[in-house]
Amino acid sequence: MSSKRYSPAEVEPKWQKAWEEAGIAKAGEDSDRPKFYVLEMFPYPSGRIHMGHVRNYTLGDVLARYKRARGFNVLHPMGWDAFGMPAENAAMQKGVHPKKWTYENIAHMKGQLKRLGFSLDWSREFATCDPDYYRHEQAMFLDFMDAGLVERKTSLVNWDPVDQTVLANEQVIDGRGWRSGALVEKRELDQWFLKITHYAEDLLAGLDALENWPEKVKVMQRNWIGKSEGARFSFTLVDEKGDEWPGPLPVFTTRPDTLFGASFVAVSPDHPLTKKFAENDSGIAAFVRECAALGTSEEAIEKAEKKGIRLPLFAIHPFRPDVKLPVYAANFVLMTYGEGAIFGCPAHDQRDLDFARKYGLPVIPVVCPKDTPPEGCEIGDEALTDSERDDLVMINSEWMNGLTPKQAKEAAIRKLEEMGIGQRQVNYRLRDWGVSRQRYWGCPIPVIHCPECGIVKVPKEDLPVTLPEDVTFDAPGNPLDRHPTWKHVKCPQCGADAQRETDTFDTFIDSSWYYARFCSPHAEEPVDPDKAKYWMPVDQYIGGIEHAILHLLYSRFFARAMKDTGHLHLKEPFAALFTQGMVVHETYKTESGEWVEPSLVERRDGGLFHRETGERIIAGPVEKMSKSKKNVIDPEAIVEKYGADTARWFILSDSPPERDIEWTEAGVEGAWRFVQRVWRMIDDIADMAIPAERPAEFGPDALALRQAAHRALAEVTKDIEKLRFNRAIARIHELVNSMGEALREAADAPSPDMAFALREAAELLVRMFAPMMPHLAEECWRRLGKDGLVAQTPWPEPEPALLKQDTVKMAVQVNGKRRTEIEVPKDAPNEEIEKLALAQEPVQRAIGEKQVRRVIVVPGRIVNVVVG
RNA sequence: GCGGGCGUGGCGGAACUGGCAGACGCAGCGGACUUAAAAUCCGCAGGCCGCAAGGCCGUGAGGGUUCGAGUCCCUCCGCCCGUACCA
C-alpha cells in the first residue's frame, strides 16, 4: 500500500506550464473539426477572483476540456469588463489612477485564473478599457447613428445632487444615492439613447426559438419587454368655461371595453399639460415638486398613496359628448409609459378605484358576471379587473351591452377608428436604452457639439477618441468635463470652436459585443466577418442569473443592431445559456453581534468559538458570500492549501450547477481526501505487473470491474453532456469504490485478467475525471506510464458488449408492495418471469389465502402480483 | 398583486418516459491498525415495533387516476426567486 502523498503545490504548476507549451487552449479557424464556442461571462477586474468566478469558470472549463477531447475545435477565451465606477472610487479614495488600478487588478486576477488551471486561450485576451477595443465600439456607434438606431433626447433621470451625476436605478437605494447618501432627484437631461425599442417585437419573438435557454430567463425578458395590446385615442378637452382647449389629449388603454365606465382622466405630474398649469398655479407646482421628490425607489412607490390634483380642464367622453370628465394630475400615472395619460375606470382598475374613492368620483360598473343582474353588480373595495373570463358581460354600456369584454374591446376600437380619434395600438414597456454617463472611466462617446453644425460625428479616421490620463478626482462631477483642454476641439465639419461630448458610455455597451470580438480580437474592424461566421454563435454561454435581463437583453439587441449595420451575420448571439447558482456560506456572529469571518471560527466541544479571542460564536443563516457579512472564502487560500483540483472538484460536487452551493470546510476536506485516495490507488495499480497481451478470457470479478468501468464511462459522458456534473462525480465515486474493492480482494497478487481490468479501469478513470481535475489526471497519466497529455487525448468510448447485461434483477411486488427480488435472463419470456416470481417464498407468504387476480410483468423492471 | 420555481433522511442531493425511494457525498456511530493520535481501511446507518425472522409507516398536507405515484390530476399549506402604480 502506497503512502505517498499527492502534492498539488509541486504538481499543478508543472502541468500548467506543459499545457501552455503544448498550446492546448489555442484556437484557430483552420481546423476541419466541428467548432464549439464556450464562453463564461467575463469578470470585472475588482482585484481578486471570488468563489462565484471559480464556479463559473470551472463549469466552462470542464465543458471546454470535454469538448476538446470529443474532437471539437474549441474556442474558450477570457477578457475583462474593465470600465466602471469602482476604478473611479479607488481613485477618489486611494488616489490611484483608474487605469493603473484596473490593469494591476487584471494582472493579479489573470495569475489567479492561471493557477486554477483553466484552459483559456489567452492569446485572445483583451480588456474593454483597451483603446484597441473601445475604438471599435465608437466606430459601431457611428454606424448605429447612420442606421437611425441612435437618438439624442431629453429624459428624466436619477440625479445625485452631491456627486453631480446620473445614477442607474440600481444605484438608488431607498431614494438616496448609494455613495453620497443624498436624496436623489428626478431631472431632465439630454442623453444619448440606443433605440432598443426598434427591436422590441423581434427581441420578444426571438425568445421562442431559444430552446436551450432557461425558461425563467425567457419569462423575465418577456415581462421586461412587456407587450400589451389595446388602443390609443384622444380626448377633446374643454376649459372651465366650456371653450375647447387647443390640442387633443392622447391616452393609451388596454381596456377600451370599459370606456363607458370612465369617470375621470389623469395625466402624469411630468405631463406637458401639468407643467403648463404649474407655471401659473402654485398648488399644482407644489404637487409636481412633491412627486418629483418622492424618488423612484420601489419602496417609495409602494408606500405612496394615490394622490392627485385637479387641473382646470374637462375631457369630453368620446362616446357621450354630453359627459365631461374631470382631469387630474395624478402621482400614479407614469410619463414614461404609453402617453403619460389615462382615462380612469374605477370599477375595473384597482388604482383608479383607490383614486376615485379618495376623491369621491363615481364608480360605474360596466362588466358584470352573467348570472348577476346588472343592478346587483356592485363594486366594494376591490375592482373587477378580469376581462378574459367567459362568464362576463358588458352592462351600462349602451350599444356594447350584452357583449363579452373581449368582443367589446374589438367593438370599441372599431368605433374609435370610425370616429377618427383612435386606433388599435401595441405598446411595450421596454424603453430606449439611455447610455450617457457623466463618468470618466468609460468609453468616450465619439461626437462633437458644434455651435454651427450641431451634433457632428467624430470622423472614423480620428478614432479612437481616447481618454486623457491627466485627470483629477478631487471634486464631484465628471473629470472629463472639467479637464482644461480635452473637450475643446475644432468642428470636423466647419472648423469652428466646438466641444467634445464629455459623457461616456454605460459599461453595459462594452459587454454587449465582446463575445463577437473574441472571434477576431486583433482585427482592424470590430469583427472579422469570416471569423465570426466560423465561431458564432456562442454554443454554450455560462453565467449568473443576475444578468437575466440587462446584459443578456442588451447583447441580443446589439447582435441585431450589428447585423443591420453589417458587422455580424446573426441575431441571436448565445445558442445555449446556462445560469449557475451562487456560492453560499454559513454566517457567524459574536454574541455582541459582530460578523466574524469563517477562518476565525473554531469548532470544539460541540460549539463554535473565536480562534483568537475565545468568544462564543453564533452560527447564522447560510447566505451569499459577501464582504459585509464576512462569510467569504478566498479562492487563493483554498488553492494554496488544497490545490486547484480539490477546489474544482468540490465546487462541482453535490449540488447541481444551477442551484446554490454551500461552501463547507468539511466538504472541501472530503474532496481533498478523494484526491489523495485516487492518487494512492493509481499509484498502486501502476506498480502492478500487467499481462503483455489482453487476456482472452475474464473471470467474473474482472468482468464485473470492466463492466463497472465502461458503464461509468457511458454515464459520466451523458452527465457531462447535460452539465450534470454532480451526477458525473457520483458515478466516478462509484467506480473508485468498485476499483478499491477489486484491488483489496486481489491483494498484492491479482490474476492477469484482474490486473488487466484494473489497469484499464485506472486509465478510463483518469480520462473521465480529467476535465474536472486536470492536474491530477496528468500526474496519474504519467504515473501509469503514458506519454503525452491527457488534455490532448481523445475521449474514450465504452465497449458496447460491456454495457449489455445478460441478466436483470427485477423487483416482485404483491399489490404494489415490494416483497422480493428475482434475477432473470435479460430476454426471458414473461410467462417464465411470472412463474419464477410466483414461486418465491415471500411472494407466496404475502398472497396467503387470497386469489391471484392478475400478474403484471414489465420486462426488465418489475413484476406486480395483484391479489384480492 | 402578478409571473416562475421548489418542498425527498441530521445535511447537500439521486431516482430515465409512472415501475425496487434515499445512489453518491458530508456529518454521525461501531470496529481494525497504533503506546496514543492523525492519516488510512472495514462495517452500520429513513422512522417505528421486534432478540430475530419479519412487519408496519414513509417523498409538505388532503383527495383522485392507476396493477403500481416522489413523478400525472385537483384542493390546500409553506419556502425561494423575479417583478410591480405598465393604464
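Naming convention: chains lettered A, B, ... in sequence-line order (proteins, then strands); numbering from 1 in each chain. Keep in mind the model is a prediction, meaning the values are calculated, not measured.
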Visitor: Rounded to whole angstroms, how far apart are CG on A:Leu743 and C1' on B:C42?
Guide: 15 Å

Visitor: Distance check: side-chain N/O of A:Asn726 vs OP1/OP2 of B:A14, anything under 4.0 Å?
Guide: yes

Visitor: Mind checking who B:C41 pairs with, Watson-Crick or G-U wobble, both distances under 3.5 Å?
Guide: B:G31

Visitor: If pairing requires Watson-Crick or G-U wobble contacts with both distances under 3.5 Å, which nucleotide is the partner of B:C24?
Guide: B:G12

Visitor: Ignoring hydrogens and geometry beyond distance, is the side chain of A:Lys809 in donor-acceptor contact with the base of B:C20 at under 3.5 Å?
Guide: no

Visitor: What is the distance, to the nearest angstrom, from the CD atom on A:Gln350 to the P atom on B:C85?
Guide: 15 Å

Visitor: For B:A61, give its Watson-Crick or G-U wobble partner with both distances under 3.5 Å, or none.
Guide: B:U75

Visitor: Using whole Å, report how far CG of A:Asp660 lies from C1' of B:C6.
Guide: 12 Å

Visitor: For the side chain of A:Arg351 and the base of B:C85, is some donor closer than 3.5 Å to an acceptor across the two?
Guide: no

Visitor: Look at A:Arg424 together with A:Glu229 and state whether they make a salt bridge at an N to O cut-off of under 4.0 Å.
Guide: no

Visitor: Using Watson-Crick or G-U wobble geometry with both distances below 3.5 Å, tell me the partner of B:G1, or none.
Guide: B:U83

Visitor: Please state whether the phosphate of B:A14, meaning OP1 or OP2, lies under 4.0 angstrom from any side-chain nitrogen or oxygen of A:Arg731.
Guide: no

Visitor: Output the single nucleotide from B:A27, B:G55, B:G12 whose closest atom is nearest the side chain of A:Ala666.
Guide: B:A27

Visitor: Measuring from atom NZ of A:Lys406 to atom CD of A:Glu410, what distance do you get when rounded to the nearest 0.5 angstrom?
Guide: 9.0 Å

Visitor: Can you identify which nucleotide, out of B:C86, B:G19, B:C26, has its nearest atom closest to the A:Asn864 side chain?
Guide: B:G19

Visitor: Looking at A:Lys629 and A:Glu586, is there a salt bridge between them, counting it only when a charged N and a carboxylate O are closer than 4.0 Å?
Guide: no

Visitor: Of the nucleotides B:G13, B:G25, B:A87, which one has an atom closest to the side chain of A:Asp654?
Guide: B:G25

Visitor: Compare every heavy atom of A:Ser653 with every heavy atom of A:Asn726, then report the nearest pair and how far apart it is.
Guide: CB-C, 4.2 Å

Visitor: Taking only the side-chain nitrogens and oxygens of A:Arg744, find out if one of them lies under 4.0 Å from OP1 or OP2 of B:C41.
Guide: no

Visitor: Using a 4.0 Å heavy-atom cut-off, does A:Val858 contact any base of the nucleic acid, only the sugar-phosphate backbone, or nothing at all?
Guide: base

Visitor: If we call it a pair only when both distances are under 3.5 Å in a Watson-Crick or G-U wobble match, what pairs with B:G18?
Guide: none

Visitor: Quick test of your reading of the model: are A:Glu715 and A:Arg727 salt-bridged, counting only N-O distances below 4.0 Å?
Guide: yes

Visitor: Within the structure, does a side-chain N or O atom of A:Arg854 lie under 4.0 Å from either OP1 or OP2 of B:C67?
Guide: yes

Visitor: Does A:Arg819 place a side-chain N or O at less than 4.0 Å from the phosphate oxygens OP1/OP2 of B:G55?
Guide: yes

Visitor: Would you mind telling me which of B:G3, B:G19, B:A87 lies closest to the side-chain atoms of A:Asn223?
Guide: B:G3

Visitor: OP1 or OP2 of B:C41 sitting under 4.0 Å from any side-chain N/O of A:Arg680?
Guide: yes

Visitor: In this structure, how many angstroms lie between the P atom of B:G25 and the CZ atom of A:Phe725, rounded?
Guide: 20 Å

